[in-house]
Amino acid sequence: MTAELIKGSEIRNVILEELKADVQKLKAKHGIVPGLVTILVGENPASISYVTLKIKTAHELGFHEIQDSQPVDISESALLALIDKYNKDPKIHGILVQLPLPKHIGEKKVITAIDPDKDVDGFHPVNVGRLMIGGDEVLYPPCTPAGIQELLIRSGTATSGAEVVVVGRSNIVGKPIAVMMAQKAKGADSTVTIVHTRTKNLEFHCKRADILIVAAGVPNLVKPEWIKPGATVIDVGVNRVGVHPETKKPILKGDVDFDRAKEIAGKITPVPGGVGPMTIAMLMKNTVKSAWLHAEGK
Ligand code: GUN
């Protein structure tokens with residue numbers, strides 16, 4: 001049997017259409033458009049490609065969008081001053097500093113410098129705390145986990161009481177998606193296990209999963225034999241494993257051996273075209289939400 005593909009690219013398009021209508025409503029009611037700034041430090045090729053896509057999508061939705069590229073040797077204080085400028089700019093509702101940052105810049109300092117009300121990445125400790133509390137407290141869910149949850153909901157995957165195993169414990173994906181899936185909420189209500197590099201028997205845990213979420217950043221880490229037949233597999237990995245000889249574009253592979261896994265899983269996300277496009281859609285959603293909240297003084 002071949003698994004059903006969960007096509008993030010198609011689901012993303014539906015969400016962007018919904019957001020376009022919401023942007024029109026915001027404009028008609030308050031005469032404002034959502035404003036998003038992406039700050040990119042240096043020239044990491046993957047970061048350039050992510051930021052370019054984010055800004056392109058913001059443009060297509062009719063946002064006021066700024067791509068602010070800074071040299072790799074910008075000082076930490078200059079970067080903090082730049083963030084402060086955007087914190088005070090009423091036309092900007094969302095501020096995103098693309099990670100990773102060069103080593104001489106403190107990531108924690110930068111993240112905490114962003115006004116939590118404009119932190120559309122959901123990385124500020126205040127927003128991480130709100131996520132942990134759940135329910136109405138959540139202001140901006142982090143984009144990749146929010147995209148994963150949306151994929152589960154829109155693909156009709158049953159989550160209530162499901163065994164969810166998360167491979168990876170990063171602040172950006174593993175930890176927040178684990179918290180989100182355990183909340184008493186739609187697209188959640190699951191029994192969650194987090195596994196990581198020090199886990200003794202990765203295979204044992206993966207095999208128990210009704211929903212396997214893999215965000216380890218290691219190509220082909222999850223073997224097809226580790227997948228429970230019929231399980232839903234969400235592959236968050238985007239690993240550059242080479243360059244296409246003709247197009248010169250990077251060859252991307254997930255953390256799961258897709259070709260063999262799709263013969264065992266019930267549903268699976270492809271790489272590319274699965275989780276990736278959803279991350280951007282959720283960033284846009286958070287920015288539109290921020291614009292509404294700012295417009296209505298909330
Ligand atoms: N680097 C990798 N993923 C992300 C993300 O979601 N947001 C930011 N700011 N940087 C990233």
Side-chain angles (χ1 to χ4, degrees), residues 8 12 15 36-58 65-70 72 74 79-80 82-83 86-87 92-103 105-116 118-128 131 138-151 166 168-180 213-218 234-240 250 252 254-255 269 271-272 274-287 289-290:
R12 178 256 330 258
I15 293 170
L36 174 69
V37 60
T38 58
I39 301 173
L40 173 66
V41 179
E43 291 176 2
N44 177 317
S47 293
I48 292 175
S49 116
Y50 292 140
V51 164
T52 305
L53 257 180
K54 287 169 186 175
I55 284 295
K56 180 171 169 269
T57 310
E65 90 283 358
I66 299 173
Q67 151 127 45
D68 194 331
S69 294
Q70 295 293 328
V72 71
I74 186 176
L79 182 59
L80 294 175
L82 192 64
I83 291 169
Y86 291 121
N87 278 342
I92 293 296
H93 309 101
I95 302 171
L96 176 145
V97 180
Q98 188 66 27
L99 304 176
L101 288 166
K103 290 210 166 30
I105 298 176
E107 192 174 290
K108 201 164 130 187
K109 259 195 192 161
V110 167
I111 290 172
T112 51
I114 299 170
D115 178 348
K118 294 189 178 186
D119 167 40
V120 285
D121 252 333
F123 292 167
H124 191 288
V126 166
N127 287 320
V128 176
L131 187 82
V138 182
L139 188 56
Y140 304 122
C143 304
T144 301
I148 293 170
Q149 198 169 40
E150 203 67 37
L151 285 180
V166 178
R169 54 179 160 179
S170 70
N171 287 334
I172 294 185
V173 187
K175 278 191 269 184
I177 191 64
V179 167
M180 288 163 75
I213 300 172
V214 192
V218 180
I234 306 289
D235 190 351
V236 188
V238 187
N239 304 293
R240 297 181 165 223
L252 303 177
D255 290 351
T269 57
V271 177
V275 175
M278 294 300 290
T279 298
I280 297 182
M282 293 299 110
L283 175 70
M284 301 302 134
K285 190 173 174 183
N286 281 348
T287 308
K289 181 178 183 184
S290 175

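All ligand and atom numbering here is 1-based and tracks the order in the structure.
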Enquirer: Side-chain contact test, heavy atoms from C-beta onward, threshold under 4.5 Å: evaluate it for Ile74 versus Ile105 and give yes or no.
Expert: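 Of all side-chain heavy-atom pairs linking Ile105 with Ile74, at least one is under 4.5 Å.
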Enquirer: Test your reading of the model: is there a side-chain donor-acceptor pair from Lys289 to the backbone of Tyr140, 3.5 Å cut-off?
Expert: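 Side chain of Lys289 to backbone of Tyr140: no pair is present.
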Enquirer: Please write down residue, atom name and distance for the protein heavy atom closest to atom 1 (N) of ligand 1.
Expert: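 Atom 1 (N) of ligand 1 sits closest to the protein heavy atom Leu99 O, 3.0 Å.
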Enquirer: State if Tyr50 counts as touching ligand 1 under the rule of any non-hydrogen atom under 4.0 Å.
Expert: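 No; Tyr50 lies far enough from ligand 1 that no heavy-atom distance drops under 4.0 Å.
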Enquirer: If only atom types and distance count, is the side chain of Asn286 paired as donor or acceptor with the main-chain N or O of Asp121 below 3.5 Å?
Expert: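 Side chain of Asn286 to backbone of Asp121, a donor-acceptor pair under 3.5 Å: no, none is there.
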Enquirer: Which residue and atom name correspond to the protein heavy atom nearest atom 11 (C) of ligand 1, and how close is it?
Expert: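 Here the nearest protein heavy atom works out to Gln98 NE2, 3.4 Å.
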Enquirer: Below 4.0 angstrom from a heavy atom of Leu96, which ligand 1 atoms are there? Numbered from 1 as shown, please.
Expert: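 Result: 9 (N).
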Enquirer: Applying a heavy-atom cut-off of 4.0 Å, say which part of Val97 lies close to ligand 1: side chain, backbone, both or neither.
Expert: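 Only the backbone of Val97 comes within reach of ligand 1.
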Enquirer: When you measure from the side chain of Asn87 to the backbone of Asp115, do you find a donor-acceptor pair of N or O atoms at a distance under 3.5 Å?
Expert: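 Side chain of Asn87 to backbone of Asp115, a donor-acceptor pair under 3.5 Å: yes, one is there.
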Enquirer: What pair of heavy atoms forms the shortest contact from Cys143 to Val120, and how long is it?
Expert: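 The answer is SG-O, 3.6 Å.
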Enquirer: Only heavy atoms count here, so choose which of Asp121, Thr144, Ile172 is nearest to atom 8 (C) of ligand 1.
Expert: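 That would be Asp121.
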Enquirer: Could you list which atoms of ligand 1 come closer than 4.0 Å to a heavy atom of Phe123?
Expert: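 Heavy-atom distances to Phe123 below 4.0 Å select 5 (C), 6 (O), 7 (N), 8 (C), 9 (N).
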Enquirer: Go through it in stages, so that I can follow the logic: the residues are Tyr86 and Asp68, the test is side-chain contact (heavy atoms from CB on, under 4.5 Å), and I'd like the CA-CA distance, side-chain angles, deciding distance and then a yes or no.
Expert: CA-CA 11 Å; Tyr86 291 121; Asp68 194 331; 2.6 Å; yes
